[in-house]
Each structure stands twice: as C-alpha cells, then as structure tokens.
Amino acid sequence: MAAELTAHQLIEKHRPTLDQALEAVRTRAYWSPHPEHPKAYGENGSLDAAAGKAAFDALLGTRLDLDQPGTDDWVGGEVSPYGIELGVTYPHADLDVLLPAMRAGQRAWRDAGPEVRAVVCLEILKRISDRTHEFAHAVMHTSGQAFMMAFQAGGPHAQDRGLEAVAYAYAEQVRTPAAAEWTKPQGKRDPLALTKTFTPVPRGTGLVIGCNTFPTWNGYPGLFASLATGNAVLVKPHPRAVLPLALTVQVARDVLAGAGFDPNLVALAAERPGEGIAKTLATRPEIKIIDYTGSTSFGDWLEANARQAQVYTEKAGVNTVIVHSTDDYQGMLSNLAFSLSLYSGQMCTTPQNLLVPRDGITTDQGPRTFDEVTADLARAVDGLLGDDARANALLGAIVNPDVKARLEAAAGLGEVALPSREIANPEFPDAVVRTPVIVKLDGAKPDDEAAYMSECFGPVSFAVAVDSVTDAVELLRRTVREKGAMTVGAYTTDAGTEAAIQEVCFEEAAQLSLNLTGGVYVNQTAAFSDFHGSGGNPAANAALCDSAFVANRFRVVEVRREA
C-alpha cells in the first residue's frame, strides 16, 4: 500500500512538474522529466537495472491480485515473443459487479477538482517511473521490442505522453473560471445580478483498449486524459500484452487509495482466451469514453457501434515517403534504413511505400536511377543489420504469427530488392527475428496497386516506381485520403516540390517530415512537441496529444444563483 499523501502534499510535490509540462506544451520545446538512460535510475527510490530485472523475474508465475470487486476467475496465458511463458494470472471481472463499483468513487474524484486530479495522476506516473526497469522487461516480453526500445518507448516516452495528456486535460478544465459574478445593467432599474459557478463533470467510465505492440505508449494518453478529467477508467489490455497495463493499474489503485480516493476508479478487465470482451465492454451503457489502438476493421466497428461513447481511435494507414532529390544521399539512405528496421517495422508510423521517379533522382553524388536508389537502400539496410548483435538490438522480435506470415507473403508480390533473413538471438533461441524485405513495384500497374495501397504491417516496404514527382504527389494524396497515414516523409531539394507535398499534407491532414538525414526518424515523435497522428485522415480520428483529445472527456455544468 502506498504511503498516504494529502492533496496539499501532492500539490507541493508535483505542481512544479505540471507547470513545466504546461510550458512545454505551449512552447513545443524539448523537455522531459523522465530520464532516457538506464543508468539514471537507482536513487531516490527508483529501481536500478538489477533490481528492476529481479522485480520482473519475481512476477513470473504469480497471481497479480489487484483486490478488485467482482473477481470471478483468474486468467492469463501470455507468452513472450522471445519464447518465455510469463505465467502471470490476472483477475477476471464480473462486469455487473465491477462497473457499478467503479462509478461509486467518481463523485469524490469529481469534487476534488482539476488540480488535485492532475497531481494524483503525476504521482501515479512518478511511481511508474521509479519502476521503469521493471516495466521495460514487461514491455519487452509482451511486445517483442528489444530491451532498449522497450525501456525508452515503454518507459520514459510513454510516461511523457501520459504527463502530456494530464497537462492538456488540466489546461482545458481551468480554461473556464470556477466562479463568476455576472451583472447586466437595466438602465433606471436595478441591474440583474447572478453568481455563477462552473464545474467540470466527467462523462462517465472510460475504456482503454490496449494494443500488443506499444501497450504503455499507446495506452497512457487515454488512461490519464480520462482520469485527469474526472472519469473512472477500465483498462482492457490486449490478451498478449496484459502485464505492463496490469502493473499500471496496480500502481494507480495504490496511489488513489493512499491519496484518499476510491481505488476502483481504475480497474483491469483481463479476459479468458478467445473471450473477446472488447465488443461487449464497448457497447455497455456505463462506458462513455473509449480509447483504442489497433486494426482499422475493429476501429471502424467501434466508431459505428459504440454510439453511447466518445470514441478515440488510432487505427492504421499506409505511410509514404517521396524520394525526389537530396543533398545528402548517404544520410538519406542511413535514415531510411533505420526507419525501416526499427522494431521490425511493427510501428504504426513505419514507412511502407517509397515513391521514386522511374527516371531516377538527383543527389550530391550525382544522378541515381530508380533501380540504383533501391539497391543502395537495400545495401544500407544490410549494412545496418549486418552484425547480428546490433540487428537484434534494433529489430526485437516478431510480435505475432500474422506479421511473420505477411513478411513471408510479401516476397511473392514483386521483384525482391532486399530479401528478409532470419537472425538467431543467442539469449532467446525461440525468438522469431527477421530483417526487413524491400519489394519493387510499378505504380503504373493495376496488379501492383493492390499491394502498395494496402497496409502490410511489419518489416515490409515497397519501392514504387512512378512516372514523375507530380505523379508521386498525387499518389500520396490518394493514399492518405483513401487509406490514411500516420506519417509522411519526403526528400527534395526543390522548393516547388516541397510546397506541393506540404500542400497535400495540409489538405489531407497528414504529419510531414522533410529531408531527415540525421538522428531523428520519420517514425518517432516527441511528447510535448510532436503530434502523433492528426485525427484528420482515416488512420486515426484523434491526435496524441491535443486539446481535442481531452476536451470532450468532460462537460462543464453551470449553477446560477441570484446574487
């Protein structure tokens, strides 16, 4: 049980961090209170590397009892993509008991006000941050991310996104004053005078439907946005990635209880194998907010059927890079090679289609034909992943059999410029590790269009020959409009081409990265500064994070009295 902290103590402890987060959102400058380097942990109550690994190991084969009401069974079955059976079991809930219990504490949580809710959320994030090493192993062994990526993306970067959501939530709730004196002159008669109060009130219980690949990074924004705006939150993890979110729920319940609130404001909904409770939960009348990351088909289903809820979806798209010209050819190739390889392409922001004029491009090393660009990129990926130890550290493991099947089928879609190869992981012999495949397609052939106009999630990319950069820009427009895109990249030294690409991204609401040749990649975004998705094309109906992501999770209720 967490040590008890009063509201005053929490405000004193966390208000400076909240203010810094608000300032970072306002300026969009770099800032993070969560260290990225593993060696930064081990003091002031945080777990160092050895203690974090020991804490994770101690979880294996245990029952994670959250002391939730309505527990009617214990469920589990997670197997790490690295081949380890986690053996952790979780409470299975009778929803008719759990959901009413979650609502019971919402009045006191509402009445606490935006500032107290924000600092309680920051205390939850601080407790999670102290256990970043433990969480990193939990993320690694449920998502297949390599350890360093699991540590950073599943730890500090996820925590940053959660804090960012709290900052936006706080700002939107205090935008309207808590009270106002209203006086309307009436000429010779006495003025009309009212005292008015304005209270942010929650919509109801929020549902977070977690994903397999980034359980914390994608889960924390919705969880903390709903909690900070006064809502109870039910977390329904992906059945293959329960542990990181179950630990999150455990910490949240502990902090809420220690701060004098009902711990049932946050609860876990784990499921039996094949039970598929997401649809049941999503249409329950108690559920008023849904946050979802995953397939387009289920995201579309939620948007169409969960009519009683405000639904925020991050689905899927076909991410495109236009290659027209560059003044740093080697930098471009290195940057793209890393972007295609990171986490075996199992990111919603990984580039899939590389559009290259068939007559070639201009570079600082002279002209390069379409075939030469494709071959040079293949060599860059091979060079990056040539050392097996480095390849394992970048690729991680294939998260599920569907990704492996798509990878193997991609080789039959066209001419293979870079075949995928199997890499052994000495530490985890059962891990499925594969390098990316690059397939050449022709943008003018209808048969090829079916491949590059469909999302192929995983380490698969298509080098698509187009007749001109004008054709590339129009194909980009059609792709984003019809299929959506989380990211768009472009390489060009021509101002007119840059303007044309930028205009398409403005009109189709797609986030654009231009001429990245250094250590920033198209598939990475930074909290407090970058918007993840836009909410304006079919890939997602929300952005992480902006005012629209938080403002409709609460409403303002006014009470008027005669002055």
Side-chain angles (χ1 to χ4, degrees), residues 47 49-68 71 73-93 128 131-155 158 208-220 235-254 267-278 293-294 343-344 346 392 395-404 425-433:
L47 301 181
K53 177 64 162 60
F56 169 75
D57 288 342
L59 289 168
L60 301 179
T62 66
R63 173 176 288 184
L64 196 69
D65 191 349
L66 301 175
D67 194 27
Q68 291 185 174
T71 298
D73 197 2
W74 295 90
V75 296
E78 292 157 292
V79 178
S80 166
Y82 290 95
I84 298 171
E85 288 193 20
L86 301 190
V88 184
T89 55
Y90 310 94
H92 181 276
I128 292 170
R131 295 168 61 179
T132 292
H133 273 283
E134 177 186 357
F135 272 74
H137 288 284
V139 171
M140 172 183 176
H141 284 291
T142 51
S143 70
Q145 295 174 31
F147 177 77
M148 185 54 72
M149 184 175 185
F151 182 92
Q152 292 184 338
V208 174
I209 302 175
C211 68
N212 195 173
T213 48
F214 289 88
T216 55
W217 197 98
N218 279 111
Y220 284 4
V235 179
K236 205 296 290 183
H238 192 285
R240 286 193 290 262
V242 183
L243 184 56
L245 290 179
L247 292 174
T248 301
V249 169
Q250 184 183 57
V251 173
R253 291 176 63 84
D254 200 21
L268 185 77
E271 58 190 317
R272 301 182 181 97
E275 186 177 7
I277 62 172
T293 300
Y343 184 32
S344 300
Q346 297 170 124
N392 276 304
L395 295 170
I398 298 298
V399 70
N400 63 50
D402 292 340
V403 174
K404 181 172 178 283
N425 186 316
E427 186 178 1
F428 301 104
D430 293 330
V432 177
V433 184

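For the pair Y90 (side chain) and L268 (backbone), a donor-acceptor distance under 3.5 Å is absent. A donor-acceptor pair under 3.5 Å links the side-chain atoms of N400 to the main chain of V403, judged by distance alone. Remark: side-chain polar atoms of Q250 are not paired, donor with acceptor, to backbone N or O of L66 under 3.5 angstrom. Between the side chain of Y82 and the backbone N or O of D430, no donor-acceptor pair lies under 3.5 Å. With hydrogens and angles disregarded, no donor-acceptor distance shorter than 3.5 Å links the side chain of E78 to the backbone of T142. Remark: the backbone N or O of A397 is paired with a side-chain donor or acceptor of Q346 at under 3.5 angstrom. At least one donor-acceptor pair under 3.5 Å links the side chain of S344 to the backbone N or O of L395. In this structure a side-chain-to-backbone donor-acceptor pair under 3.5 Å is missing from Q68 to A267. Checking side-chain atoms of R253 against main-chain N and O of D67 turns up a donor-acceptor pair under 3.5 Å. T89 places no side-chain N or O within donor-acceptor distance of the main-chain N or O of G76, the cut-off being under 3.5 Å.
Classified by interplanar angle (parallel below 30°, tilted 30° to 60°, perpendicular above 60°), the ring pair F56/H137 is parallel.
Nearest heavy-atom pair, G219 versus V208, reported as atom, atom and distance to 0.1 Å: O-CG1, 4.0 Å. Nearest heavy atom pair, residue V139 against residue G154, reads CG2-CA, 4.1 Å. Contact record, G52 with H133: CA-CB, 3.7 Å, taken as the closest heavy-atom pair. P239 and E271 make their closest contact through CD-OE2, 3.7 Å (heavy atoms, listed as atom of the first residue, atom of the second, distance). The two residues T132 and G155 come nearest to each other via the heavy atoms CG2-CA, 4.1 Å. Nearest heavy atom pair, residue F135 against residue P244, reads CE2-O, 3.5 Å.
The CE atom of M140 lies 4.0 Å from the CZ atom of F428; values are rounded to the nearest 0.5 Å. Interatomic distance, R131 CZ to L247 CG, rounded to the nearest 0.5 Å: 5.5 Å. Separation of atoms OH (Y343) and OG1 (T213) is listed at 5.0 Å; rounding is to 0.5 Å. Taking CG of N212 as the start and NE2 of H238 as the end, the distance is 4.5 Å to the nearest 0.5 Å. Atom CZ of F147 sits about 10.0 Å away from atom CD of Q152, to the nearest 0.5 Å. For the atom pair CG (L64) and CG (L59), the distance works out to 6.5 Å, reported to the nearest 0.5 Å.
Shown here is E85, whose CD atom has no more than 12 heavy atoms of other residues, nucleotides or ligands within 6.0 Å.
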>> Using the rule given for side-chain contact (heavy atoms from CB on, under 4.5 Å), can you reason through N392 versus V433, listing the C-alpha separation, both sets of side-chain angles and the distance that settles it, and then say yes or no?
In response: CA-CA 7 Å; N392 276 304; V433 184; 3.6 Å; yes
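By the 4.5 Å heavy-atom criterion applied to side chains, L243 and P215 are not counted as neighbours. For the pair L245/Y220, a side-chain contact is recorded, criterion being any heavy-atom separation below 4.5 Å from C-beta on.
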